[in-house]
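Here the structure comes first, spelled out in structure tokens, and everything after it is commentary.
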Amino acid sequence: MKKFLALLMIFGVFFVTACDETQEELVDEVIDPDASVYVAVGDSLTAGVQSDGIIRDFQEVSFPALIANQLGVEDFEQPIVNSPGIGFEPGTTPLMFNGSEIFRNELEVDEFDLLANFFLDRPYDNLGLPGAEVVDVASTSNLLFEVILRGLGTQLEQAVSLDPAIITFWIGGNDVLGAAKSGGDLSKISSAESFEAEYRNILTQLTEQTQASIVTANLPNVTDITLVIFLDRIFRTVPELGIMEPVPVIFDENFSPVDFGDGLFVPLLTEEEDVNHVTLLSLDQYRDGIGIPDESSLTDMGFTMDEASNILSQIEMMGLTPTGMVLANDFTMTLEESDVIQSAVEEFNTIIESAAADFGIPVVDINSALLTLNTEGIDGFNSEFVLADPVNTAYSLDGIHPNNAGYAIIANLFIEALNESFDIGIPMINTEQFRGQYQN
């Protein structure tokens, strides 16, 4: 990593020196504007992130790369990361799946050595910045951004400098996603005022400084992503204990609630009351026995010593380790927290719809698409987690980002909007070719 940082500083100096002539002069020297130029502006969903990391295999099926392929763009450049890829947990690879277990390996090489085209003498066409919020489109505020932006200006400035014919612009998820990932930390939601000001500023510059056909998209409800909803299946009422509203209960290796006899479901121990979701991030905790009642907590629930002893034996026979420790509120979301997060998404989407309408820009309805995926499926794909349906899931191993099939579905949504709004005639993608990504 030290080598990576040192080289980044060196080449940062190189690019800053080059940019002294002005950003426009540098770009004019290396770019011949072409009507076939397509540029993607956004965050990790634009960058093609999967499984909490990035690697060439993922980037080649990012939705912008798929669109570029359908457009016939031959020189669509991305900040390619060679194998084994870079995970967002420092010093690791992206998450991997062996058919039954999700894991990640330690990264045994310097991250910089994996950057295949860091020295490209022009901006990348896919400028997606993992972790970016709306405010970051017009800034260069962290190290990961500099690996992609490379001192050539902000994401917005570079997009404009490429003189694109088509722009896809999808940003805003990270302005609320942190609240969902943290189990409902509402302080991680951006203010609506800041969101609107930044969003409108971006659209103003894109429309005034380019002649591009622009398509944007609204935000999915982040309380409906697999990370949040997958374990909702473990919620049950417990009438024997007077619990008439569903609570999260002990579950087996197939994520099914365990019936301890005659419809008795034993609640998990949670720090918060009125829990509405238990996130996937709780799985490691659960497997270590966190949230699983011990004999003392079972008797506190009202079970007799004999009943508690019998339940405890069954829990241990399942291979679980009861600790009597509660799941912290970082891993659960209350109904009130869920409602606030959903309201924030709705407010941001209202801003996106209004701003886009003012600029005459079509909006891809990602929000409705996620609801359809969760309820009916799309092209036979669903929102199940990989441990439940590795063949047909549209989600990657982190439960947040799409997998290959999910990105193909998203690409088709953008292609449909481009075709309908600008009469382009881009061929649709056959999503079937991406089924079964996690099959051995």
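One is the number of the first residue; the rest follow in order along the sequence. Note that the structure is predicted; figures quoted are calculated from it, not measured.
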Are Ile415 and Gln70 close enough that some pair of their side-chain heavy atoms sits under 4.5 Å apart? yes

Could you check Asp389 against Asn382 for side-chain hydrogen bond (donor to acceptor under 3.5 Å, both in side chains), going step by step and ending with a plain yes or no? CA-CA 9 Å; Asp389 190 351; Asn382 57 48; 2.9 Å; yes

Thr216, Ile426, Ile67 screened by side chain to side chain contact (heavy atoms under 4.5 Å, CB included) with Phe414, the one that passes: Ile67

Do other residues, nucleotides or ligands put more than 12 heavy atoms under 6.0 Å from the CG atom of Asp339? yes

Please state whether the rings of Tyr199 and Phe169 are parallel, tilted or perpendicular, taking 30° and 60° as the class boundaries. tilted

Measuring only between side-chain heavy atoms, which start at C-beta, is Ile400 closer than 4.5 Å to Val222? no

For the pair Phe230 and Phe255, name the ring-plane relationship: parallel under 30°, tilted 30 to 60°, perpendicular over 60°. perpendicular

State whether the side chain of Asp252 and the backbone N or O of Ser256 hold a donor-acceptor pair below 3.5 Å, judged by distance alone. yes

Measuring only between side-chain heavy atoms, which start at C-beta, is Ile290 closer than 4.5 Å to Val326? no

Inspect the contact between Asp358 and Arg200 and indicate whether a charged nitrogen and a carboxylate oxygen are less than 4.0 angstrom apart. yes

First locate atom CG of Asn276, then atom CD of Glu245, and finally report the distance between them rounded to the nearest 0.5 Å. 11.0 Å

Any donor and acceptor pair, going by atom type alone, linking the side chain of Thr334 with main-chain N or O of Glu337 inside 3.5 Å? yes

Under the side-chain hydrogen bond (donor to acceptor under 3.5 Å, both in side chains) rule, what do Glu77 and Asn117 come out as? Steps first, then yes or no, please. CA-CA 9 Å; Glu77 293 285 356; Asn117 59 346; 3.2 Å; yes

For a quick check under 3.5 Å, do Asp185 and Ser182 share a side-chain donor-acceptor pair by atom type? no

Neighbour count above 12 (heavy atom, 6.0 Å) for Glu336 CD: no

Before accepting this row, confirm whether a basic side-chain N of the pair Arg104/Asp52 lies closer than 4.0 Å to the acidic partner's carboxylate O. yes

Tell me, with the steps shown, if Thr431 and Asp379 meet side-chain hydrogen bond (donor to acceptor under 3.5 Å, both in side chains). CA-CA 7 Å; Thr431 59; Asp379 296 347; 2.9 Å; yes

Exercise: identify the closest heavy-atom pair between Ile378 and Ala369: CD1-O, 3.6 Å

Steps toward side-chain contact (heavy atoms from CB on, under 4.5 Å) verdict (Leu107, Thr92): CA-CA 5 Å; Leu107 195 58; Thr92 68; 5.6 Å; no

Test item: Tyr286 side-chain N/O and Phe251 main-chain N/O as donor-acceptor pair under 3.5 Å: yes

Determine, for Glu253 against Arg287, whether the closest basic-nitrogen to carboxylate-oxygen distance falls under 4.0 angstrom. no

Should we count CG of Asn430 as having more than 12 external heavy atoms under 6.0 Å? yes

Is there side-chain contact between Pro84 and Leu114, with heavy atoms separated by less than 4.5 Å? yes

Is NZ or CZ of Arg435 both nearer than 6.0 Å to the six-membered ring centre of Phe381 and within 45° of the ring axis? yes

Working for side-chain contact (heavy atoms from CB on, under 4.5 Å), residues Val41 and Ile202: CA-CA 10 Å; Val41 175; Ile202 295 163; 5.6 Å; no

Would you say that Val37 contacts Asp163 through its side chain, given a criterion of any heavy-atom pair below 4.5 Å between the two side chains? no

Checking Gln59 side chain against Gly48 main chain: does a donor-acceptor pair fall under 3.5 Å? no

Does a side-chain heavy-atom distance below 4.5 Å link Ser83 with Ile55? yes

Carefully, step by step, assess Glu272 and Thr332 under the rule side-chain hydrogen bond (donor to acceptor under 3.5 Å, both in side chains). CA-CA 7 Å; Glu272 293 183 308; Thr332 61; 2.7 Å; yes

Establish, for the pair Arg150 and Phe119, whether the NZ or CZ atom is under 6.0 angstrom from the six-membered ring centre and no further than 45 degrees off its axis. no

Donor-acceptor pair, distance only, cut-off 3.5 Å: does the side chain of Ser44 make one with the backbone of Ala47? no

Spatial distance of atom OH (Tyr124) from atom CD (Gln78) [nearest 0.5 Å]: 10.5 Å

State whether the side chain of Tyr438 and the backbone N or O of Asn98 hold a donor-acceptor pair below 3.5 Å, judged by distance alone. no

Where the side chain of Asn218 meets the backbone of Asn349, is there a donor-acceptor pair that is under 3.5 Å apart? no

Any heavy-atom pair between the side chains of Gln155 and Leu149 that's under 4.5 Å? yes

If only atom types and distance count, is the side chain of Gln158 paired as donor or acceptor with the main-chain N or O of Gly153 below 3.5 Å? yes

Once you round to the nearest 0.5 Å, how far does CD1 of Ile225 lie from NE2 of His401? 9.0 Å

Taking every heavy atom of Ile171 against every heavy atom of Gly42, the minimum-distance pair comes out as CD1-C, 3.6 Å

Could you check, using the six-membered ring where one of them is a Trp, whether Phe385 and Tyr395 have ring centers closer than 6.0 angstrom? no

Pair Val81, Arg56 - check side-chain contact (heavy atoms from CB on, under 4.5 Å), show working. CA-CA 5 Å; Val81 177; Arg56 181 190 293 266; over 6 Å; no

When rounded to the nearest 0.5 angstrom, what is the spacing between OG in Ser213 and CG in Asp423? 10.5 Å

Would you call the rings of Phe76 and Tyr38 parallel, tilted or perpendicular, where under 30° means parallel and over 60° means perpendicular? parallel

May I ask you to check whether over 12 heavy atoms, not counting those of Met325, lie within 6.0 Å of atom CE? no

So do the side chains of Ile366 and Leu219 get within less than 4.5 Å of each other, counting heavy atoms only? no

Rounded to the nearest 0.5 angstrom, the CD1-CD1 distance for Ile250 and Ile234 is 10.0 Å

Would a distance-only check, ignoring hydrogens and angles, find a side-chain to backbone donor-acceptor pair under 3.5 Å from Asn403 to Gln50? no

With the threshold set at 4.0 Å, does a side-chain nitrogen-carboxylate oxygen contact exist between Asp75 and Arg122? yes

Between Asn374 (side chain only) and Leu371 (backbone N and O only), is there a donor and an acceptor less than 3.5 Å apart? no

Show your working on side-chain contact (heavy atoms from CB on, under 4.5 Å) between Ile189 and Asp175 and close with a plain yes or no. CA-CA 6 Å; Ile189 301 175; Asp175 288 83; over 6 Å; no

Pairwise distance CG(Asn367) to CD(Glu353) - rounded to 0.5 angstrom: 9.5 Å

